[in-house]
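Encoded as structure tokens, the structure appears first; notes follow it.
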Amino acid sequence: MQVEPNDILSLWHSVMATALRKDLPDLTWRQFTLLLQIYTSPPPHTVRGLAKDLKMSKPAVTRALDRLEKLEFLRRKIDENDRRSILVQRTVAGSVFLREFADMASGQAKEL
């Protein structure tokens with residue numbers, strides 16, 4: 001089955017509109033992409049590694065992580081093996097948010 005570009009755009013619109021109605025946290029593309037990177041790729045995650053993987057600057061990653069940490073979707077801790085490095089860790093709140101978002105998106109896909 002081939003999916004048409006307009007179908008993808010309709011699905012994306014439907015998911016985002018539903019997210020707005022549910023009053024989910026307002027994340028930027030950068031923040032959402034970073035969150036997905038952390039939750040869909042195996043740890044450990046570092047600021048340096050995330051910046052490299054997503055082709056972002058380290059300051060841009062840090063700003064996005066600040067917002068995600070404020071929402072308690074992740075936490076940062078010093079790497080005990082290399083105290084210059086910061087590890088980015090998943091949280092239960094972040095897992096719950098992404099699970100609910102995925103369920104919502106799946107429900108929207110079934111309606112199209």
Side-chain angles (χ1 to χ4, degrees):
M1 176 175 104
Q2 183 171 344
V3 180
E4 295 297 320
N6 282 342
D7 293 337
I8 296 297
L9 292 175
S10 292
L11 172 60
W12 189 245
H13 174 263
S14 179
V15 168
M16 299 313 292
T18 300
L20 286 173
R21 285 191 295 276
K22 289 182 176 274
D23 200 28
L24 296 177
D26 192 12
L27 300 179
T28 65
W29 289 97
R30 180 172 287 143
Q31 292 162 353
F32 203 88
T33 301
L34 194 55
L35 187 64
L36 287 171
Q37 181 74 18
I38 292 163
Y39 280 83
T40 61
S41 63
H45 300 288
T46 62
V47 172
R48 183 180 301 117
L50 290 165
K52 180 180 173 220
D53 291 345
L54 295 172
K55 295 179 180 33
M56 294 169 54
S57 70
K58 286 189 281 185
V61 169
T62 297
R63 285 189 302 274
L65 291 176
D66 288 344
R67 169 81 168 124
L68 295 169
E69 191 170 36
K70 223 177 259 185
L71 292 167
E72 299 181 357
F73 289 170
L74 55 83
R75 71 175 149 266
R76 290 180 268 199
K77 90 174 218 196
I78 294 174
D79 184 349
E80 293 301 323
N81 297 323
D82 178 358
R83 298 196 55 77
R84 298 168 299 165
S85 187
I86 302 294
L87 295 174
V88 180
Q89 300 178 321
R90 301 167 182 167
T91 64
V92 171
S95 293
V96 168
F97 170 77
L98 285 176
R99 169 55 38 203
E100 289 175 353
F101 193 89
D103 289 346
M104 179 188 65
S106 178
Q108 294 299 315
K110 288 176 185 171
E111 289 181 20
L112 289 182

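Because only heavy atoms are used, hydrogens play no part in the values below, and waters and symmetry mates are left out as well, while side chains stay in.
A 4.5 Å side-chain heavy-atom check between Tyr39 and Leu34 finds every atom pair outside the cut-off. Contact check for Asp82 versus Thr46: no side-chain heavy atoms found under the 4.5 Å cut-off. Counting only heavy atoms from C-beta outward, the side chains of Gln89 and Leu74 never approach each other to under 4.5 Å. Contact check for Met16 versus Trp12: side-chain heavy atoms found under the 4.5 Å cut-off. Using a 4.5 Å heavy-atom threshold, the side chains of Leu65 and Arg76 count as touching. Put simply, the side chain of Lys77 does not reach to within 4.5 Å of the side chain of Ile86, judged on heavy atoms. With contacts defined as side-chain heavy-atom distances shorter than 4.5 Å, the pair Gln31/Thr28 qualifies. Looking at heavy atoms from C-beta onward, Phe73 lies out of side-chain contact with Ser95 at the 4.5 angstrom threshold.
Between Arg99 and Asp103 there is a salt bridge, with a side-chain nitrogen of the basic residue lying less than 4.0 Å from a carboxylate oxygen of the acidic one.
To the nearest 0.5 Å, atoms OG1 (Thr91) and CZ (Phe97) are separated by 11.0 Å. Taken to the nearest 0.5 Å, the OG1 atom of Thr62 stands 10.5 Å off from the CD atom of Glu69. One finds the CD1 atom of Ile78 at 5.0 Å from the CZ atom of Arg83 (value rounded to the nearest 0.5 Å).
Looking at Thr33 and Arg30, their side chains never bring a donor and an acceptor atom within 3.5 Å of each other.
Under the 4.5 Å side-chain heavy-atom criterion for Ile, Leu, Val, Met, Phe, Trp and Tyr, Ile38 and Leu87 are members of distinct hydrophobic clusters. Cluster membership for Val88 and Leu36, using ILVMFWY side-chain heavy atoms within less than 4.5 angstrom, is shared. Both Trp29 and Val61 belong to a single network of hydrophobic side chains, linked directly or stepwise wherever heavy atoms of I, L, V, M, F, W or Y lie under 4.5 Å apart.
In plain terms, the two heavy atoms of Ala105 and Leu11 that are nearest each other are O-CD1, 4.1 Å. A pairwise comparison of heavy atoms in Met104 and Val15 identifies CE-O, 3.7 Å as the closest pair.
The closest donor-acceptor contact from the side chain of Thr18 to the backbone of Ser14 lies under 3.5 Å.
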* To do: Show your reasoning for whether side-chain contact (heavy atoms from CB on, under 4.5 Å) applies to Gln37 and Leu50.
  => CA-CA 8 Å; Gln37 181 74 18; Leu50 290 165; 3.7 Å; yes
* Asked: When you look at Arg90 and Arg75, which way does the side-chain contact (heavy atoms from CB on, under 4.5 Å) test go after all the steps?
  -> CA-CA 7 Å; Arg90 301 167 182 167; Arg75 71 175 149 266; over 6 Å; no
* Can you check side-chain contact (heavy atoms from CB on, under 4.5 Å) on Leu98 and Phe32, steps first, answer last? -> CA-CA 10 Å; Leu98 285 176; Phe32 203 88; 4.3 Å; yes
* To do: Check the pair Lys70 / Asp66 against salt bridge (Lys or Arg N to Asp or Glu O under 4.0 Å), numbers first and verdict last.
  => CA-CA 6 Å; Lys70 223 177 259 185; Asp66 288 344; over 6 Å; no
